[in-house]
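Have a look at the structure below before the remarks.
Start at 1 with the first residue, then count along the sequence. Every heavy atom of this structure was used, including side-chain atoms; hydrogens, water molecules and symmetry mates were not.
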Amino acid sequence: DQPRSRGLGDVYKRQVIDAAVELTGAKYDAGNKDDDVRFRVVADHARTGMMIILDGVTPSNEGRGYILRRLLRRIIRSARLLGATGPVMETLMNTIMDTMTPSFPEIADNRERILRVAVAEEKAFSKTLEAGTSRFDEAASAVSASGAKVLPGAQAFELHDTYGFPIDLTVEMAREAGLDVDMDAFNAAMQEQRERAKADNKAKKHRNVDESLYREWVDANPTEFVGYDQLTHDAKVIGLVRGGEKVGEVAQGDEVEVILDVTPMYAESGGQMADRGRLLMGDTILNVNDVQRVGKKLWLHKATVQNGGLDLGSTVTAEVDEAWRHGARQAHSATHLIHAAIRQVLGPTAVQAGSLNKPGYLRFDFNYTDQLTDAQLEEIATITNQAVDADFAVNTIETSLDHAKEMGAMALFGESYGDTVRVVEIGGPFSIELCGGTHVEHASQIGPVAVLGESSVGSGARRIEAYSGMDSFKFLSKEAALASGLAAELKAPTEELPDRIAQLTERLRAAEKEIENLHRQQLLASTANLADEAQTLGVHRVVAKQLPEGITTGDLRTIANDLRGKLQAEDAVIVLLSQVDGKVSLAAAATPQAVQSGVKAGDLVKLIGQYVDGKGGGKPDLAQGTGANPAGIEDALRAVRESLA
């Protein structure tokens, strides 16, 4: 009779289970089958999750990232159900990496990143658990109070859809509360959501055009792209599509998709926006404003007929807008430099997760969990511009996929590649990537690169934005002019501006705080005698009054709170209103004795709202609100007095 852990198959799981025992206080293989399953979930998922992160994946809501997110969250959930009250991911990941590094040496180089990704997901999910658990407790209490035994499916779906609460966790918690979950209603809500999502996705695909329309061209007449070397080329019109239908001719003013047998125009791909250009034939001019690919074989030139007309079978001259192409090439090559710089600064695991390049501008998404520091951002910008200044040669090589990988070329996860691939090399080993885009010949042609900043674009992903070429120059010139103007205004050297502005900001904050204190003192002084105006209504001492125009809701709250303090020893209620810019501000307060006798400030605010078209709320002792109808103030005060009397 071997211990059950031996049946798990390897020592990795046993050591993770031992770590989970320490973290949770629960016992493994002690007769509790549910707990044993949870321990095995922790062990299996920790190992699998670690390997997926090692492979470069980060948690997300789609693809492999979604699978990873589910794995990590199930680890956290299982640990919580076993009794863990604090963080567990760091210990579990360290344990599995310690045991597996001898077999997988690459873990050592990625250890910090693996921990960062796993711990960040735990922190994010902990917030989800906290919010979802609170909402579940409210829903479960309401169901139990009503005498029912089933949590409605709509509430289970709300927990899933709004709070990210897994349904199996909802079922588990409901069982612990002595409740069942209406799974039929939950599944119906889920199905309805899926149908909506499918309809939305269908509407977004290719502007609702059926791609089968282009099948004959994709199969028989693939477009030849010659735009790497040529910006002008004669081509035959092999297809015309207008309004989702094949046509034989188009006329002036028509919006049309033109299919050519050969083209110099780059179709949108790999983050690079499509070329702009023209199709010319005698007096006929078509302005091409977008180029898309169908089935990776067929170029669709989306154009407007500016002048003349065009027939199927005609021969046209396709011209790329040179200025547009130049700017796009600059931005795309700058993206490669920034990618290389990011990897130098943040490490080899900060790989591309998406990009957009258009003339003069680029954005670059990459896998990384932490916000970049100013120093890191500055270093990335410096390395990028040093590469521009070094005037690295830009070489393109067509080779086999295997040879490209041997060269060290980076491929993007999620992209499919054929047997022959295009490698773009900038500065030898500085940057080597698989890429089908258009690029400059030398790095100096990119011009200056101005990094604008970085931001988060989801769990485990960051985004850098930048200008290139003349757009970068214009941006930097404006920044320099702004700095020069500020320096002149503040009579300080440019390099001292940050310190001088920080000093002024601190002085401004201090002045604003002093003004706020003076305003509060004046306000309270002007209303100091209001407590003397309290009148007896029923068992309460009441101050119900409209104050002079212009007193905001926040100020009314301050006055009401002050009056409540002055009348603390009595059963006292304060209701104050004022007119501000044609609207109503209001606040209500009640002393502890008044609250004990049944008064609720929030209810008084709601009562007033009925007369001034307002809304608001708060606690029983202090509440506030606003209204849209000042004409109802007198009636509102009368209703308050009658209610309290």
Side-chain angles (χ1 to χ4, degrees), residues 223-237 255-293 299-308 310 314-338 355-363 387-388 391-396 398 422 424-426 435-450 466-477:
T223 306
E224 179 187 359
F225 175 64
V226 296
Y228 291 131
D229 306 311
Q230 303 177 58
L231 296 182
T232 302
H233 203 282
D234 290 340
K236 182 179 180 181
V237 178
E255 300 287 336
V256 60
E257 293 176 344
V258 182
I259 301 169
L260 305 176
D261 63 342
V262 59
T263 182
M265 296 188 190
Y266 184 81
E268 181 178 346
S269 179
Q272 181 176 333
M273 290 186 67
D275 278 334
R276 302 293 185 267
R278 300 190 302 172
L279 303 179
L280 306 173
M281 185 186 68
D283 294 333
T284 295
I285 302 173
L286 282 79
N287 291 323
V288 179
N289 49 55
D290 190 16
V291 186
Q292 295 292 325
R293 287 192 298 178
W299 266 239
L300 300 181
H301 303 76
K302 302 190 177 186
T304 302
V305 184
Q306 177 184 332
N307 190 60
L310 190 64
S314 300
T315 297
V316 297
T317 299
E319 291 184 350
V320 175
D321 182 325
E322 292 189 34
W324 179 279
R325 170 68 75 85
H326 177 63
R329 292 165 70 211
Q330 288 178 309
H332 201 157
S333 296
T335 301
H336 283 223
L337 297 187
I338 282 181
S355 67
L356 172 68
N357 316 292
K358 64 181 182 179
Y361 169 85
L362 66 93
R363 70 175 188 229
V388 172
D391 195 21
F392 287 145
V394 180
N395 299 310
T396 57
E398 287 196 356
R422 188 168 183 266
V424 176
E425 175 192 78
I426 305 178
C435 180
T438 62
H439 290 272
V440 298
E441 285 80 29
H442 291 271
S444 61
Q445 294 173 335
I446 295 171
V449 178
Y467 288 134
S468 60
M470 284 302 297
D471 287 86
S472 176
F473 172 76
K474 292 174 183 176
F475 170 76
L476 294 172
S477 295

Checklist entry - If you round to the nearest 0.5 Å, how far is OG1 of T223 from CG of D261? => result 7.5 Å
Checklist entry - Hey, what do you get for NE2 (H439) to NE2 (H332), rounding to the nearest 0.5 Å? => result 4.0 Å
Next on the checklist: Hydrogens and angles aside, do T263 and H301 bring a side-chain donor and acceptor to less than 3.5 Å of each other?
Outcome noted: yes
Item to check | D321 side chain vs R276 backbone, donor-acceptor pair below 3.5 Å | outcome: no
Next on the checklist: Tell me if a side-chain donor or acceptor on Q330 pairs with a main-chain N or O of Q445 at a distance below 3.5 Å.
Outcome noted: yes
Checklist entry - Can you check whether A334's main-chain N or O pairs, donor with acceptor, with S468's side chain at less than 3.5 Å? => result no
Next on the checklist: Using 0.5 Å steps for rounding, measure from the CG atom of L310 to the CD1 atom of I285.
Outcome noted: 12.5 Å
Checklist outcome for this item: So CG of L231 and OG1 of T438: to nearest 0.5 Å the spacing works out to 9.5 Å
Next on the checklist: Within the supplied structure, the quantity of interest is the number of heavy atoms (other residues, nucleotides, ligands) at a distance under 6.0 Å from E322 CD; does it exceed 12?
Outcome noted: no
Checklist entry - Hey, are R329 and E441 close enough for a salt bridge, meaning a charged N less than 4.0 Å from a carboxylate O? => result yes
Checklist outcome for this item: Closest non-hydrogen atoms of S355 and T335, given as atom of the first, atom of the second and distance, are CB-CG2, 4.3 Å
Item to check | Closest contact, heavy atoms only, R293 versus S269 | outcome: NH2-OG, 2.9 Å
Checklist entry - More than 12 non-hydrogen atoms from neighbouring residues, nucleotides or ligands closer than 6.0 Å to CZ on F475, yes or no? => result yes
Checklist entry - With under 30° as parallel and over 60° as perpendicular, where do the rings of Y266 and F225 fit, or are they tilted in between? => result perpendicular
Checklist entry - For P448, does its backbone N or O pair with a side-chain atom of S472 as donor and acceptor, under 3.5 Å? => result yes
Next on the checklist: Quick check: closest heavy atoms across L337 and I446, and the distance to 0.1 Å?
Outcome noted: CD1-CD1, 3.5 Å
Checklist entry - Can N395 and E425 be counted as having a side-chain donor-acceptor contact under 3.5 angstrom? => result yes
Checklist outcome for this item: Between D290 and A274 the two heavy atoms that sit nearest each other are OD1-CB, 3.6 Å
Next on the checklist: Treating N307 as the side-chain partner and D283 as the backbone partner, does any N or O pair qualify as donor plus acceptor under 3.5 Å?
Outcome noted: yes
